[in-house]
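Taking it in order: structure first as structure tokens, then the write-up.
In the text below, chain A, chain B and the rest are named by the order of the sequence lines, each starting its count at 1.
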There are 4 protein chains.
Amino acid sequence: MDEFEELFNYHWQGEGSPYEQLSEKQWNILKAALKIFLEKGYSATTTNEIAHAAGVAEGTIFRHFKTKKDILLATIIPLMQNLVGPGVSGSLQELLVENEDLPLEEVFLIIMEDRQKHVQRILPLLRVIWVESNYHPELKEALMNGVILPSKKFFLRFIEQRQERGELRQDMDSWVLARSLVGVFAFYLISLSLFPDTGERQQNREAIKGIIQIYLDGARSSRE
Amino acid sequence: MDEFEELFNYHWQGEGSPYEQLSEKQWNILKAALKIFLEKGYSATTTNEIAHAAGVAEGTIFRHFKTKKDILLATIIPLMQNLVGPGVSGSLQELLVENEDLPLEEVFLIIMEDRQKHVQRILPLLRVIWVESNYHPELKEALMNGVILPSKKFFLRFIEQRQERGELRQDMDSWVLARSLVGVFAFYLISLSLFPDTGERQQNREAIKGIIQIYLDGARSSRE
Amino acid sequence: MDEFEELFNYHWQGEGSPYEQLSEKQWNILKAALKIFLEKGYSATTTNEIAHAAGVAEGTIFRHFKTKKDILLATIIPLMQNLVGPGVSGSLQELLVENEDLPLEEVFLIIMEDRQKHVQRILPLLRVIWVESNYHPELKEALMNGVILPSKKFFLRFIEQRQERGELRQDMDSWVLARSLVGVFAFYLISLSLFPDTGERQQNREAIKGIIQIYLDGARSSRE
Amino acid sequence: MDEFEELFNYHWQGEGSPYEQLSEKQWNILKAALKIFLEKGYSATTTNEIAHAAGVAEGTIFRHFKTKKDILLATIIPLMQNLVGPGVSGSLQELLVENEDLPLEEVFLIIMEDRQKHVQRILPLLRVIWVESNYHPELKEALMNGVILPSKKFFLRFIEQRQERGELRQDMDSWVLARSLVGVFAFYLISLSLFPDTGERQQNREAIKGIIQIYLDGARSSRE
DNA sequence: CATGAATGAGTGTTCATTCAT
DNA sequence: GATGAATGAACACTCATTCAT
């Protein structure tokens with residue numbers, strides 16, 4: 001949890017946050033709820049547990065949130081809204097601006113290493129988002145609007161810029177190019193968690209470099 | 001459910017199936033259970049519902065399956081064991097053998113169109129597998145041993161063969177090449193279900209061709 | 001039940017009682033539970049019945065007692081702890097002190113008449129204790145530590161004192177002397193409940209006098 | 001169970017037994033049922049278990065015995081009818097006849113040692129009888145008529161004979177004399193199972209001798 | 001506004017008994 | 001007569017939600 005503390009402070013109390021006006025009590029409840037959701041999943045978490053962890057009475061919870069589901073939405077949705085965009089991933093934007101003039105290989109390497117660290121940090125959160133989105137349309141919608149569509153837009157713009165600069169091929173739809181890049185990297189992250197044995201830092205970097213090289217130059221033998 | 005009927009018949013009653021010896025009543029229970037699991041997820045499904053849907057008394061369920069969890073495993077694990085391998089994906093093997101001499105572009109296209117149809121068919125099943133694997137180690141293990149590792153082996157061998165033939169670059173680890181291919185295609189499938197608006201058959205084929213082209217020849221502008 | 005009311009008040013609410021702090025609702029639940037336990041036995045009693053008899057919802061029971069078994073222990077163990085010792089049998093101690101200088105015959109008579117009244121009063125309780133001790137080791141242990149061993153110690157000391165005073169033979173192990181006394185009297189009580197027809201107050205006293213006389217002077221014909 | 005085999009053969013198949021006409025299948029069911037009753041108690045035993053242990057189908061049980069309770073009665077009641085009387089304890093009668101001319105001390109010793117062995121052998125049976133008699137009036141009645149009253153009659157007659165011979169005091173009701181003897185010895189047996197640490201064979205004999213001596217000559221100091 | 005005791009519908013599971021074969 | 005699959009009422013226990021204080 002402690003690892004998330006900073007993240008949450010940012011999301012929940014930052015300027016423009018949907019919870020700017022959150023009372024300390026509400027904040028405690030959400031913090032406690034999230035902590036347990038991440039550990040045991042939503043449905044295995046009881047309101048009683050949340051109340052204890054938040055240091056309030058069980059009834060108090062329902063004074064602030066009409067149902068248990070509301071707590072889920074109130075914890076997850078704001079976090080999703082900041083998963084990409086002005087929040088943490090703002091650093092992504094900044095990374096890109098800072099390194100605008102580096103060759104593609106190096107920019108990709110920087111981005112991917114940054115994203116890898118980020119994803120590994122918020123893995124439990126992603127798991128809950130993924131699971132509960134299947135049962136709560138509100139979450140699915142927020143996931144779409146708060147994460148997926150912005151990410152899509154972000155990557156499309158990035159790809160298009162590089163196409164315009166002549167660094168990426170222009171005979172191909174930008175969405176196809178973007179999707180391949182994301183797919184290749186996303187699956188790399190997934191395979192890391194599936195096969196945790198491989199994973200020395202140095203190996204990681206080489207693996208990412210390999211991915212980038214294939215993405216940029218193709219898998220085909222140069223003989224052909 | 002009806003869409004799964006044929007699939008289940010195949011998995012559960014085919015020769016050598018773990019459920020060859022399934023009684024009709026057991027089959028009804030599993031069919032009913034699966035139907036509801038796919039709709040509402042495992043934990044939101046009550047044994048009472050399953051009993052009603054299967055047309056048996058609640059007690060009957062527990063005569064055939066010791067616990068509700070056993071029903072989950074008995075529905076999901078056999079299906080997983082056939083997700084890849086001698087079952088449905090046997091067609092994958094056959095596809096490869098049949099088209100061994102075609103150029104890579106065409107083999108990839110055939111495989112991907114086949115897999116796309118298959119995955120879209122079993123999407124609700126994949127959802128349940130994905131969600132419940134988080135809570136039931138038996139499922140996670142079956143997923144790993146029955147699907148993930150065999151798939152990995154299968155694709156590695158395929159890639160290595162093509163490397164040996166000189167069709168794919170040999171200066172790169174086969175696992176990196178395989179992972180990129182799978183990632184690129186997996187994410188294509190995911191994005192199809194996320195953005196269902198795009199998806200005319202003809203468009204699909206073009207999109208897949210684009211993916212393959214990027215994978216083989218790279219995303220880099222040829223000017224460079 | 002009414003006959004136990006006074007007894008329970010004593011045990012559960014007396015000073016130093018393990019239930020001094022019992023809320024009224026808890027007390028109602030325990031009272032209701034005990035009433036039914038005494039009538040039908042533990043396992044034939046349902047939590048639903050207890051709830052109704054206590055005038056609370058079934059869920060309320062489990063807010064106060066984690067399991068049905070806990071209710072059993074919470075009713076029985078405190079009662080056992082007072083079966084002998086500072087509680088009801090405190091009167092035993094006092095009886096002995098008060099009548100220290102009376103001849104053995106008279107002391108025995110006083111004790112036995114007192115115990116007889118006590119045992120007859122708590123007969124249904126003894127039945128439950130006896131039966132359930134076979135299934136619940138906690139009860140067996142409490143019975144041993146709370147009733148049997150203290151009783152043994154108590155009687156041994158009494159016998160030894162009388163041996164020292166020269167009132168009881170010293171050529172015999174005190175435990176043998178004590179055991180005979182208790183056995184003789186316990187079986188008298190048991191036979192009273194087995195053959196309830198005999199049992200006029202006057203007859204009782206004569207019977208007890210007979211027992212005492214045999215114990216003290218022997219069953220052998222004086223001719224020998 | 002093997003230790004009971006002989007006993008059961010005697011009870012159930014002996015001449016005049018209520019089960020003389022028992023079919024082999026019924027006998028198997030009863031044998032299996034008793035075995036499990038003795039191990040786990042009546043209510044913890046399922047008809048399914050009995051069926052398996054007896055090697056018959058569950059339905060078959062109910063063809064021979066209307067309810068599970070009937071099985072209990074059919075196992076326990078015949079055994080009770082032979083607990084005393086012409087059955088095993090017939091040996092008691094014989095013991096008395098054989099040793100008619102021995103002094104009381106020696107007769108008592110022989111009887112008590114015999115009974116002690118017998119009781120220890122059938123302890124699990126006694127436990128079931130004791131527990132279930134509380135819930136099944138039929139058992140209570142059979143216990144009374146089959147064990148308690150015959151035993152009472154038996155001991156009364158024995159005592160009366162010895163009174164007539166002048167070996168036991170005649171100034172005392174025979175029932176009081178008998179009850180004391182039985183109580184003293186019964187409690188000795190109970191205390192043996194409560195405090196199992198004491199119990200070397202030699203010690204046992206000495207303890208029994210002590211009991212007999214007190215019973216015959218009294219606990220009072222001879223000084224008085 | 002905060003509390004936490006009370007609720008009661010709902011849960012998965014058991015098992016003596018029935019009955020079509 | 002024997003079977004064993006089917007039954008369904010009953011069970012102890014859970015937990016999100018309510019509401020009097």
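The cationic group of K68(D) lies under 6.0 Å from the six-membered ring centre of Y42(D) and within 45° of the ring axis, placing it in a cation-pi geometry.
For I36(B) and dT11(E), the CD1 to C1' distance is 15 Å, given to the nearest whole Å. Here the C1' atom of nucleotide dT11(E) and the CD1 atom of I50(B) are 12 Å apart, to the nearest Å. dT18(E) atom C1' lies 9 Å from atom CZ of F62(D), rounded to whole Å. The distance from atom CZ of R63(C) to atom C1' of dC19(F) is 13 Å, rounded to the nearest whole Å. The distance from atom CG of N48(C) to atom C1' of dT7(E) is 14 Å, rounded to the nearest whole Å.
Among the protein residues, T45(B) comes within range of the sugar-phosphate backbone only, with heavy atoms under 4.0 Å from sugar or phosphate atoms but none that close to a base.
Each of dT14(E), dA16(E), dA16(F) was ranked by its minimum atom distance to the side chain of T47(D); first place goes to dA16(E). Between dC15(E), dC13(F), dG4(F), one nucleotide has an atom nearer to the side chain of K68(C) than all others, and that is dC13(F). Nearest to the side-chain atoms of T46(B) among the listed nucleotides dG12(E), dC1(E), dA6(E) stands dG12(E).
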Please convert DNA chain E into dot-bracket. A pair counts if it is Watson-Crick or G-U wobble with both distances under 3.5 Å; crossing pairs go in [ ] and bases paired with another strand get |. .||||||||||||||||||||
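Between dC1(E) and H64(A), no contact under 4.0 Å exists linking OP1 or OP2 to a side-chain N or O.
At a threshold of 4.5 Å between non-hydrogen side-chain atoms, the residues I76(A) and L34(A) count as touching. Residues I61(A) and I50(A) have side chains in contact (heavy-atom distance under 4.5 Å, counting atoms from C-beta outward).
Here the options are I129(C), N134(C), L72(C), the test is side-chain contact (heavy atoms from CB on, under 4.5 Å), and the partner is L139(C); only L72(C) passes.
When the nearest nucleotides of DNA chain E are assigned to K25(A) and K66(D) by heavy-atom distance, the more 5′-ward of the two goes with K25(A).
Taking a 4.0 Å limit (strictly below) on heavy-atom distances, residues 52-61 of chain C reaches DNA chain F at E58(C), G59(C).
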